[in-house]
Amino acid sequence: MAIKKILKFFDNEDGAYVPKDNISTFIKDDVLQKIGRQVNDDYNYDNDSMGEWKQVIQEGKNLCKMTWKSRNDPFTNASNYKSSAMAQAALDFSDRVSYEILKPASLIKIQTSKPMGEENEAPIDRLNQFFNWQLNTQLSEWRDEHEKLMYDLPHTGTVFKKTYYDTTKQRIVSDLITYPNFAVDNDTKSMDKLRRFSETFCLPYNIVEENMRSGQWNRIDIEQGTEDDRIESDQTDFYEFIEQSTWLDLDNDGYDEPYVVVIRKETHDVMRITPRYLLKD
């Protein structure tokens, strides 16, 4: 009975989302097209708002690059000496921070906000052991990714980590998102008030086909559209996508709910929509 009521949600009747990884298969094509355009427009708006910040970041990165170029200001063939102080300062910061944070085997230590008796010490110890095993063993890429974060941070000032459950690997995954592969509203004061977050990424044809065959993504004609989002390589073609954590009112109740939407950047085709909340929420 409850399941039937949930399924009616996509007929614009009362209910909640269907508890499925990809709910876009329940949404009409015209609505999906509208969502795809909205995600792309929101991404472009956020990306444009970061224009001034990106210019500052690029100028800073250029200062750290020890490359020689001719200079005609203030006169022809003027000296263009670049000090290594900026690059060395960034390297020293990364070396110290990565060493202090990543050197211990026990990266996590749980603390409680209330006085803890002896009867609670054993469960806390088990949690500590599990979380440290998870970071050091199960998440085999975590240390390398986090070390890379430390070396990117002084150059851009902003780096993100995305932690989620990967249905293919059947475990938690923590991915690094670095400049310029993200877009946020530059006027937002804090992450807590961020309306949406967009990540751009590229995948080879085989991975795209695997995602569609497994049902994680919708089936589309990957060859349609222009060549703008196909990145040529020696071995295969890569296609560009946008994953956006955003808010949508899919049940037309006047209140937006949180979702993750993946679209193909060039054609705006919706590949996947995943709820960011549970029925109990």
Side-chain angles (χ1 to χ4, degrees), residues 21 43 46-47 50 53-54 57-58 60-61 64-65 86-110 127-184 188 190-192 194 196-204 206-208 210-211 214 216-217 231 233 235-236 238-246 258 260-262 265 271-272 274 276:
D21 290 339
Y43 164 78
D46 292 342
N47 193 47
M50 297 166 57
W53 176 80
K54 285 186 174 183
I57 295 301
Q58 194 57 50
K61 291 172 74 71
C64 292
K65 291 180 179 179
M86 293 284 290
Q88 189 61 48
L91 183 61
D92 290 344
F93 166 84
S94 301
D95 286 343
R96 294 197 304 269
V97 172
S98 61
Y99 176 77
E100 291 298 329
I101 293 180
L102 299 177
K103 72 173 181 179
S106 298
L107 297 169
I108 293 179
K109 183 177 181 181
I110 298 176
L127 286 174
N128 282 327
Q129 292 177 8
F130 172 77
F131 285 128
N132 282 298
W133 167 83
Q134 194 172 45
L135 286 184
N136 290 309
T137 305
Q138 187 183 43
L139 277 68
S140 56
E141 73 283 354
W142 188 89
R143 279 184 174 271
D144 291 339
E145 290 279 286
H146 214 71
E147 185 175 23
K148 187 176 186 301
L149 181 153
M150 300 302 178
Y151 282 90
D152 284 345
L153 187 60
H155 295 283
T156 62
T158 302
V159 185
F160 296 95
K161 290 291 290 289
K162 180 178 69 174
T163 304
Y164 61 99
Y165 183 80
D166 190 311
T167 54
T168 303
K169 295 181 179 180
Q170 296 292 305
R171 65 173 176 85
I172 297 294
V173 174
S174 185
D175 290 337
L176 184 63
I177 305 176
T178 58
Y179 166 86
N181 299 321
F182 62 86
V184 296
T188 304
S190 68
M191 285 293 294
D192 293 336
L194 198 62
R196 56 187 170 265
F197 181 92
S198 302
E199 176 195 2
T200 58
F201 59 93
C202 297
L203 292 176
N206 265 14
I207 300 300
V208 176
E210 287 175 7
N211 289 341
S214 66
Q216 296 183 62
W217 284 10
I231 303 174
S233 70
Q235 298 178 341
T236 187
F238 284 76
Y239 298 85
E240 192 168 12
F241 299 89
I242 300 174
E243 180 180 286
Q244 186 177 102
S245 297
T246 186
V260 177
V261 183
V262 179
K265 188 175 182 181
M271 310 301 298
R272 174 186 174 106
T274 305
R276 292 191 288 134

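What you see is a predicted model; the values in this text were computed from it and never measured.
In this structure, Thr156 OG1 and Tyr179 OH are separated by 9.0 Å, a value rounded to the nearest 0.5 Å. The NE2 atom of His155 sits 9.5 Å away from the CE atom of Met86 when rounded to the nearest 0.5 Å. In this structure, OG1 in Thr158 is found 8.0 Å from CG in Leu153, a value given to the nearest 0.5 Å. Rounding to the nearest 0.5 Å places CD of Glu100 at 11.0 Å from CE of Met150. With values rounded to the nearest 0.5 angstrom, Cys202 atom SG is found 4.5 Å from Glu240 atom CD.
Applying the 6.0 Å contact sphere to OH of Tyr99 captures no more than 12 heavy atoms from other residues, nucleotides or ligands. In this structure, Lys161 places its NZ atom where more than 12 heavy-atom neighbours from other residues, nucleotides or ligands lie under 6.0 Å away.
Taking 4.5 Å as the limit, every side-chain heavy atom of Val184 sits out of range of all side-chain heavy atoms of Asp46. Counting heavy atoms from C-beta on, the side chains of Asp166 and Arg171 never come closer than 4.5 Å. In this structure, Phe130 and Gln134 have side chains that are in contact, with non-hydrogen atoms separated by less than 4.5 Å. Within the 4.5 Å cutoff, the side chain of Leu107 has heavy atoms near those of the Asn136 side chain. Annotation: side chain of Leu102 is in contact with side chain of Trp142 (closest heavy-atom distance under 4.5 Å). Using a 4.5 Å heavy-atom threshold, the side chains of Tyr43 and Lys265 count as touching.
Summarising the geometry of Ser94 relative to Pro154, their closest heavy-atom pair is OG-CG, 3.4 Å, with the distance given to 0.1 Å. When all heavy atoms of Ser198 and Ile242 are compared, the closest pair comes out as CB-CG2, 4.2 Å. The two residues Ser174 and Leu139 make their nearest non-hydrogen contact at CB-CD2, 4.2 Å. Smallest separation of non-hydrogen atoms from Val260 and Ser245: CG2-OG, 3.9 Å.
In this structure, Asn181 contributes its side chain and Glu199 its backbone to no donor-acceptor pair below 3.5 Å. Distance alone, capped at 3.5 Å, places no donor-acceptor pair between the Ser140 side chain and the Thr137 backbone. Judged by distance alone, the side chain of Asn128 and the main-chain N or O of Ile110 form a donor-acceptor pair under 3.5 Å.
Partners of Val208 by side-chain contact (heavy atoms from CB on, under 4.5 Å), not counting sequence neighbours, listed by chain and number: Leu203, Met212, Trp217, Ile222, Phe241. Glu147 is linked by a salt bridge (charged side-chain N to carboxylate O under 4.0 Å, His left out) to nothing, counting only residues two or more places apart in sequence or in another chain.
Using a cutoff of 4.0 Å between basic side-chain nitrogens and carboxylate oxygens, Arg276 and Glu243 are not scored as salt-bridged.
For the pair Lys162 and Tyr164, the distance from NZ or CZ to the six-membered ring centre is under 6.0 Å and the angle to the ring normal is within 45 degrees.
With Leu149 as the partner, the side chain to side chain contact (heavy atoms under 4.5 Å, CB included) test is satisfied by one option alone out of Ile177, Leu176, Ile101, Thr178: Leu176. Applying the side chain to side chain contact (heavy atoms under 4.5 Å, CB included) test between Met271 and each of Asn211, Val261, Val262 identifies Val262 as the sole match.
Thr274 and Arg272 are linked by a side-chain donor-acceptor pair at a separation below 3.5 angstrom, with hydrogens and angles left out of the test. Of the N and O atoms on the side chains of Asn206 and Glu210, not one donor lies less than 3.5 Å from an acceptor on the other residue.
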Starting from the C-alpha separation in whole Å, work towards a yes-or-no answer on side-chain contact (heavy atoms from CB on, under 4.5 Å) for Lys54 and Asn47. CA-CA 9 Å; Lys54 285 186 174 183; Asn47 193 47; 2.5 Å; yes
